[in-house]
Amino acid sequence: MQKVKDKYFKTLIPAVDIQAKVTEIANLLNTDYADKNPLLIGVLNGSFIFLSDLFKCMKIDCEVTFMRVSSYESLRSTGKVTQIIGLKEDISNRHVLIVEDIVDTGQTLVNVKEQLAKLKPASLKVVTLLNKPEAMLKPLPLDYVGFKIKNDFVIGYGLDYDGLGRNLPDICVLAD
Ligand code: IMP
Ligand code: MG
């Protein structure tokens, strides 16, 4: 049991299982994107640890950048998605992979995909470490998914509770 701010969390996915899954996803990308020089775009802040581990397992030519959006406050999604910020790269005709820590309601991703699609990438796919299928507001194609989890609040491995808990090596779930 781990106390973060005012709540207790217990391990849901241990670090060793996360690393095995990250390697598995990277291997798929190494095959699917060989000779495509994909641009991996991490959605900050949550994706930075996942993306860094994933990137280290990439054996093909590939590039990385980050962008920011915000739709989450404390324990629940606000539903308001702000504009994407911080993307300086020209993504036209590039093979783009959006890298997310988690797809919850899916609102962030719908918005991000819409905005990136306007910039005319050669292809646009999604990599997410976690997905809460029950929380998704509408079906959304997720191309590479690490773990499907229940509709519970999780932290660790980049995910936070009010800014805290991102540094936990395991993915931990709110204990009741
Ligand atoms: P969505 O727009 O509802 O899919 O959620 C998007 C963002 O909310 C994710 O990229 C996360 O940063 C954050 N989020 C969603 N679920 C959780 C959670 O269980 N713990 C921490 N952050 C979460
Ligand atoms: Mg996020």
Side-chain angles (χ1 to χ4, degrees), residues 1-15 17-19 21-22 25 29 39-55 64-87 91 96-118 124-176:
M1 208 74 103
Q2 175 89 34
K3 191 172 187 201
V4 175
K5 204 174 168 188
D6 54 351
K7 299 204 184 301
Y8 286 91
F9 293 85
K10 59 185 184 205
T11 299
L12 178 68
I13 309 170
D17 295 355
I18 300 172
Q19 291 312 320
K21 187 62 79 176
V22 169
I25 296 173
L29 298 177
L39 176 63
L40 281 70
I41 305 183
V43 183
L44 289 172
N45 293 328
S47 71
F48 82 107
I49 294 180
F50 173 45
L51 181 43
S52 115
D53 282 349
L54 185 73
F55 203 62
V64 66
T65 188
F66 289 92
M67 56 179 235
R68 182 181 286 276
V69 303
S70 190
S71 77
Y72 224 79
E73 269 168 23
S74 201
L75 293 175
R76 58 178 201 92
S77 189
T78 60
K80 283 176 276 176
V81 179
T82 53
Q83 226 189 317
I84 58 174
I85 22 179
L87 189 69
I91 68 161
V96 171
L97 284 161
I98 303 167
V99 181
E100 265 284 19
D101 50 353
I102 187 164
V103 177
D104 182 20
T105 65
Q107 280 178 296
T108 307
L109 195 57
V110 167
N111 187 281
V112 165
K113 277 190 93 171
E114 260 171 31
Q115 297 192 50
L116 292 181
K118 285 184 199 153
L124 183 59
K125 292 203 170 174
V126 179
V127 185
T128 184
L129 180 67
L130 303 172
N131 175 220
K132 296 180 185 172
E134 294 161 24
M136 286 173 85
L137 296 178
K138 51 184 169 193
L140 193 68
L142 301 174
D143 305 283
Y144 303 88
V145 180
F147 302 95
K148 290 184 177 169
I149 61 168
K150 286 200 287 178
N151 196 4
D152 295 322
F153 189 76
V154 291
I155 58 166
Y157 198 71
L159 292 124
D160 72 301
Y161 166 42
D162 277 355
L164 296 174
R166 293 193 197 275
N167 50 325
L168 297 173
D170 302 330
I171 290 171
C172 301
V173 65
L174 195 60
D176 35 31

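Each ligand, and each atom within it, is numbered from 1 in the order the structure gives. If you're wondering where the values come from, they're calculated on a predicted model, not measured in any experiment.
- By the 4.0 Å heavy-atom criterion, Met136 is excluded from the residues contacting ligand 1.
- By the 3.5 Å distance cut-off applied to N or O atoms, Gly106 is counted among the residues near ligand 1.
- Panel note: side chain Thr11, backbone Ile13; no donor-acceptor pair is recorded below 3.5 Å.
- The part of Leu159 lying near ligand 1 is the side chain, judged by heavy-atom distances below 4.0 Å.
- With hydrogens and angles disregarded, no donor-acceptor distance shorter than 3.5 Å links the side chain of Asn131 to the backbone of Lys148.
- Aromatic ring orientation, Tyr161 versus Phe9: tilted (interplanar angle from 30° to 60°).
- Checking Asn151, Val103, Thr105 one by one against Lys132, the side-chain contact (heavy atoms from CB on, under 4.5 Å) holds for a single residue, Asn151.
- In this structure a side-chain-to-backbone donor-acceptor pair under 3.5 Å is present from Asp170 to Ala15.
- Nearest heavy atoms, Arg166 versus Gly158: NH1-O, 2.7 Å.
- Contact annotation: for Asp101 versus ligand 1, heavy atoms closer than 4.0 Å belong to the side chain alone.
- Annotation for ligand 1: atoms under 4.0 Å from non-hydrogen atoms of Thr105 are 1 (P), 2 (O), 3 (O), 4 (O).
- More than 12 heavy atoms of other residues, nucleotides or ligands shown are found within 6.0 angstrom of NZ on Lys113.
- Heavy-atom contacts of Asp160 reach the following atoms of ligand 1: 21 (C) (cutoff under 4.0 Å).
- Of all the atoms in ligand 1, the ones that sit under 4.0 Å from a non-hydrogen atom of Lys132 are 16 (N), 17 (C), 18 (C), 19 (O).
- Within the set Asp104, Val173, Val112, Leu174, the minimum heavy-atom distance to atom 5 (O) of ligand 1 is found for Asp104.
- Some N or O of Val154 is nearer than 3.5 Å to an N or O of ligand 1, by distance alone.
- Listed by number with element, the atoms of ligand 1 under 4.0 angstrom from any heavy atom of Thr108 are 1 (P), 2 (O), 5 (O), 6 (C).
- Ligand 1 has an N or O atom lying under 3.5 Å from an N or O atom of Glu100, backbone or side chain.
- When each of Leu40, Leu51, Asn45 is paired with Phe66, the side-chain contact (heavy atoms from CB on, under 4.5 Å) condition holds for Leu51 and for no other.
- Taking a 4.0 Å cut-off on heavy atoms, Ile155 fails to register as neighbouring ligand 1.
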